[in-house]
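These notes are about the structure you will find just below.
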Amino acid sequence: MPELPEVETIRRDLERLAVGRTIVSVDLGWPGSLKGPGAGLNRLRGARFIGFKRRAKMLLIELDSGDRLLVHLKMSGRLILVSAPTPVDKHTRLIFVLDSGDQLRFIDMRKFGYVKLIESGGAQTIPELEGLGPEPLAPGFSAEDWLDLLAAKKESRRTIKSLLLDQSFIGGLGNIYVDEILHSAGVHPQRPVSSLRTGEIEGIYPAMREILMAAIERRGTTFSLYVDAEGRRGDYLDRLKVYGRRGEPCPACGRPIEKIKVAGRGTHFCPRCQR
DNA sequence: AATTGTACCTGTCAGC
DNA sequence: TGCTGACAGGTACAAT
């Protein structure tokens, strides 16, 4: 489910709503959702949220105790802040009871996601965050940086879609936004990287930045499960031009959108606009 | 080196 | 109605 815009939306919500709140207790509904030192949930009691960061599709929750929580929502994870009496979804895996009377709940139907406790004083590096590619929306990530990144792959015959999905190449893109970016840039998802002309590579950069920023403005894309931290759906679904629109006319040229499989993922594109 | 298949889970939907 | 298989926003790993 959640790609960069969705995780960023949740991060902003929690930064606004949960910083300063203290954890009163933790309820573990499904132990598999908790990674890291197993015994460690009790130590979270009394800790206060001081910050919510994001790296690629991961959320990093910082506590005043020095402990941190790394959250990956994978396909179906949700993180919502609700008042205590709110009915508990059957897929709720972890509940943080807060001093405000609210609860931060981790809900994950498919159980792929996780919350990992990173203890203060433990290893300095977080393996999950090592080796990630650059943040596409970082202020310091320029068009030149993008060209340099691609230049390092110019001999590669892998498909451009597979490269953009590779988190070690660039962080935060997923199946929806890669399809949208390639449509906007007019590049066929199956094009080998080595075949891309300079102009095509240059065109992907603004497409990527604009689409991700617009998606954050609309609070992400909801197909079925994703909601922001306040339980609201994202509005970017209406703006999607190809993803989930097989058979519908391309907004740019009217040709029906096609769906194929690329890099093992359902892939939507316009056969006229993308070559 | 890169792709494909498989696995992790649960749910939905199309087709028969 | 009910069964079966394909598919789903992610990623790690093994096999090819």
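Residue numbers start from 1 in every chain, and the chains themselves are labelled A, B, ... in the order their sequence lines are given, proteins ahead of strands.
- Between the side chain of A:R157 and the base of B:dA2 there is no donor-acceptor pair of N/O atoms closer than 3.5 Å.
- To the nearest whole angstrom, the two P atoms, one in C:dC7 and one in B:dT4, are 15 Å apart.
- One interatomic measurement links the two molecules: CG of A:L132 to P of C:dG10, which rounds to 14 Å at whole-angstrom precision.
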Full working for side chain to side chain donor-acceptor pair (under 3.5 Å) between A:D145 and A:S142: CA-CA 5 Å; A:D145 295 335; A:S142 67; 3.2 Å; yes
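- At least one side-chain nitrogen or oxygen of A:K57 sits closer than 4.0 Å to the OP1 or OP2 atom of C:dG10.
- Rounded to whole Å, the distance from CG on A:D89 to C1' on B:dT10 is 12 Å.
- Checking each of A:H72, A:K116, A:R55, A:Q167 against A:E128 for a side-chain contact (heavy atoms from CB on, under 4.5 Å) leaves exactly one that passes, namely A:K116.
- Residue A:L165 contributes atom CG, which lies 10 Å from atom C1' of C:dG10 at whole-angstrom precision.
- Using a 4.0 Å heavy-atom cutoff across all strands shown, A:K259 reaches sugar-phosphate atoms only and no base atom.
- Side-chain N/O atoms of A:H91 include one lying less than 4.0 angstrom from OP1 or OP2 on B:dG11.
- A:F112 qualifies as a stacking partner of the B:dC8 base, centre to centre under 5.5 Å and near-parallel within 30°.
- Within 4.0 Å (heavy atoms only), A:T222 reaches at least one base atom of the nucleic acid.
- Checking C:dG9 for Watson-Crick or G-U wobble geometry (two distances, each under 3.5 Å) identifies no partner in any strand.
- B:dG11 and C:dT11 are spaced 22 Å apart, taking the P atom of each and rounding to whole Å.
- B:dT3 and C:dA15 make up a base pair, with Watson-Crick or G-U wobble contacts both under 3.5 Å.
- Residue A:Y243 has a polar side-chain atom (N or O) positioned under 4.0 Å from OP1 or OP2 of C:dG9.
- With respect to the salt-bridge test (charged N to carboxylate O, under 4.0 angstrom), the residues A:D108 and A:R78 do not qualify.
- Closest contact between the side chain of A:S162 and the listed nucleotides C:dG10, B:dT3, B:dC9 involves B:dT3.
- Considering every non-hydrogen atom in both A:L117 and A:R43, the closest pair reads CD2-CD, 4.1 Å.
- One donor-acceptor pair, N or O on each side, does fall under 3.5 Å between the base of C:dG9 and the side chain of A:S224.
- Here B:dT10 presents its C1' atom at 15 Å from CD1 of A:I107, a figure rounded to the nearest Å.
- The side chain of A:R265 contributes an N or O atom lying less than 4.0 Å from OP1 or OP2 of C:dG9.
- Between A:Y114 atom OH and C:dA12 atom C1' the separation is 11 Å, expressed in whole Å.
- Per the stacking criterion (ring centres < 5.5 Å, plane angle < 30°), A:F223 does not stack onto the base of C:dG9.
- Comparing the C1' positions of C:dA6 and B:dG5 gives an interatomic distance of 16 Å, to the nearest angstrom.
- A:R21 and A:D99 are joined by a salt bridge, as a carboxylate oxygen and a charged side-chain nitrogen come within less than 4.0 angstrom of each other.
- The separation between A:H268 atom NE2 and C:dA8 atom C1' is 11 Å, rounded to whole Å.
- For the pair A:K90 and B:dG11, the criterion of a side-chain N or O lying under 4.0 Å from OP1 or OP2 is met.
- The CG-P distance, from A:D166 to C:dG10, rounds to 13 Å in whole Å.
- Between A:Q167 and C:dG10 there is no side-chain N or O to OP1 or OP2 distance below 4.0 Å.
- Using a 4.0 Å cut-off between charged nitrogen and carboxylate oxygen, A:E62 and A:R48 do not count as a salt-bridge pair.
- Comparing the P positions of C:dG5 and B:dT6 gives a spacing of 15 Å, expressed to the nearest Å.
- The side chain of A:K111 places an N or O atom within less than 4.0 Å of a non-bridging phosphate oxygen (OP1 or OP2) of B:dT10.
- Out of C:dA8, C:dG10, B:dT3, the shortest distance to the side chain of A:T159 is found at B:dT3.
- One atom, CE of A:M58, and another, P of C:dG9, lie 19 Å apart when rounded to the nearest Å.
- Looking at heavy-atom distances under 4.0 Å, A:G264 makes no contact with the nucleic acid at all.
- OP1 or OP2 of B:dT10 has not a single side-chain nitrogen or oxygen of A:S76 nearer than 4.0 Å.
- For the residue pair A:T267 / A:K161, a side-chain donor-acceptor distance below 3.5 Å is found, with atom types taken as modelled.
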